[in-house]
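Here is how names work: the chains are called A, B, and so on, in the same order as the sequence lines, proteins then strands, and each is numbered from 1.
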There are 2 protein chains.
Amino acid sequence: MDTPDPRLADGRQSPTAAAVQRGVCRLLRASGFATVTELVLATGRRVDVIALNDKGDIWIVEIKSSLADLRADRKWPEYWEYCDRLFFAVPDDFPMETLPGEAGHIVADGFGADIVRHIDEQRLAAARRKAVTLRFARAAALRLHGLHDPHADGLEQPGFYEPGKPFQA
Amino acid sequence: MDTPDPRLADGRQSPTAAAVQRGVCRLLRASGFATVTELVLATGRRVDVIALNDKGDIWIVEIKSSLADLRADRKWPEYWEYCDRLFFAVPDDFPMETLPGEAGHIVADGFGADIVRHIDEQRLAAARRKAVTLRFARAAALRLHGLHDPHADGLEQPGFYEPGKPFQA
């Protein structure tokens with residue numbers, strides 16, 4: 001966790017952002033939330049962390065690894081349309097006074113995180129909650145399936161599907 | 001995929017059941033469904049495969065690797081309370097005439113599967129659909145998180161959480 005780097009051009013995270021993400025997901029899990037990272041919303045925007053508890057509450061956490069990263073993002077208020085609570089999560093050397101007050105604030109490293117500024121709920125409408133929950137569910141399950149069966153997406157390849165061939169684990 | 005074995009006592013699957021599960025999940029994915037295996041329902045019963053498409057439809061597939069496996073299960077009709085469509089999935093040497101007509105039938109091996117008997121929908125009520133979707137979503141996300149961060153569940157261990165320690169990827 002040295003100098004904060006911007007997101008890499010190919011969409012991979014900086015080491016700082018990866019560490020913050022890990023700590024955030026641990027905090028959320030300990031708070032009763034299941035998390036999905038890098039979820040693409042209906043708008044095409046990709047949220048860093050989205051979380052769902054057993055009451056169906058949805059939180060979104062947007063990771064900012066540097067001040068430049070925060071300043072480059074003018075669209076973050078849109079995330080309020082997809083969650084009940086919105087947070088920024090930053091590393092501990094981030095200039096906290098620059099974070100907008102219209103979201104909660106989380107400080108995180110690769111081992112854990114703390115909510116340092118809470119934010120009131122703005123409850124989603126039922127139809128939107130249903131749509132976001134469905135998107136969350138399918139993304140998590142499809143990724144998990146892809147890890148268990150890396151060929152699951154390749155069935156359109158000619159010759160791959162061979163029903164008569166014996167199963168090999 | 002030799003002689004069908006019963007489920008192992010520790011809950012692990014026989015090779016036949018594992019092959020059928022893999023083929024079923026591929027079929028469902030190709031049909032627009034995301035799948036979760038071994039999902040524990042509110043009743044405590046564990047469904048072999050549960051699937052969710054982008055319209056929110058929920059299907060359950062119960063795997064039977066042998067006739068003994070089918071005959072040992074008297075509670076399968078309860079699954080209709082948790083899905084819109086219920087199927088049995090079996091290997092291709094299964095005596096198909098013994099399968100109950102109150103569910104669809106799928107024949108599968110480790111490479112793919114086919115629906116050989118369709119079944120009409122019995123649509124879930126909205127509240128039940130919401131509850132099952134939430135359970136599906138959280139199970140998938142928690143498992144995926146556990147694979148990405150195997151220590152995420154161990155944070156209660158003394159000394160594990162060390163905020164001052166530098167992050168190591």
*asked:* Using the side chain to side chain donor-acceptor pair (under 3.5 Å) criterion, which residues pair with Y79(B)? Sequence neighbours excluded.
replied: R45(B)

*Which region of L147(B), side chain (C-beta onward) or backbone (N, CA, C, O), has a non-hydrogen atom less than 4.5 Å from a non-hydrogen atom of chain A, or is it both or neither?*
side chain

*Is there a donor-acceptor pair closer than 3.5 Å between any side-chain N or O of R46(B) and the backbone N or O of E38(B)?*
no

*Report the option among V107(B), N53(B), V36(B) that has the most heavy-atom pairs separated by less than 4.5 Å from atoms of chain A.*
N53(B)

*Answer with yes or no whether the hydrophobic clustering places V90(A) together with L86(A); edges join I, L, V, M, F, W, Y residues whose side-chain heavy atoms lie under 4.5 Å apart.*
yes

*Do the side chains of L142(B) and L142(A) join up, straight or via other hydrophobic residues, at under 4.5 Å, putting them in one cluster?*
no

*Which one of T37(B), L134(B), T133(B) has the most heavy-atom pairs closer than 4.5 Å to chain A?*
L134(B)

*Do any of residues 115-131 of chain B come closer than 4.5 Å to chain A, heavy atom to heavy atom, and if so which ones, in number order?*
none

_Test of understanding: with ring pair (Phe, Tyr, Trp, His ring centres under 6.0 Å), list the residues that count as partners of W76(A), not counting sequence neighbours._
F88(A)

*Side chain R85(B), main chain W59(B), donor-acceptor under 3.5 Å*: no

*Counting only N and O atoms by type, is there a donor-acceptor contact under 3.5 Å from the side chain of R135(A) to the main-chain atoms of V40(A)?*
yes

_Shorter than 4.5 Å, heavy atoms on both sides: which option in A137(A), A51(A), G23(A) has the most such pairs with chain B?_
A137(A)

*What residues, two or more places apart in sequence or in another chain, satisfy side chain to side chain donor-acceptor pair (under 3.5 Å) together with D54(A)?*
none

_Need one label for R29(B): side chain, backbone, both or neither, based on atoms under 4.5 Å from any heavy atom in chain A._
side chain

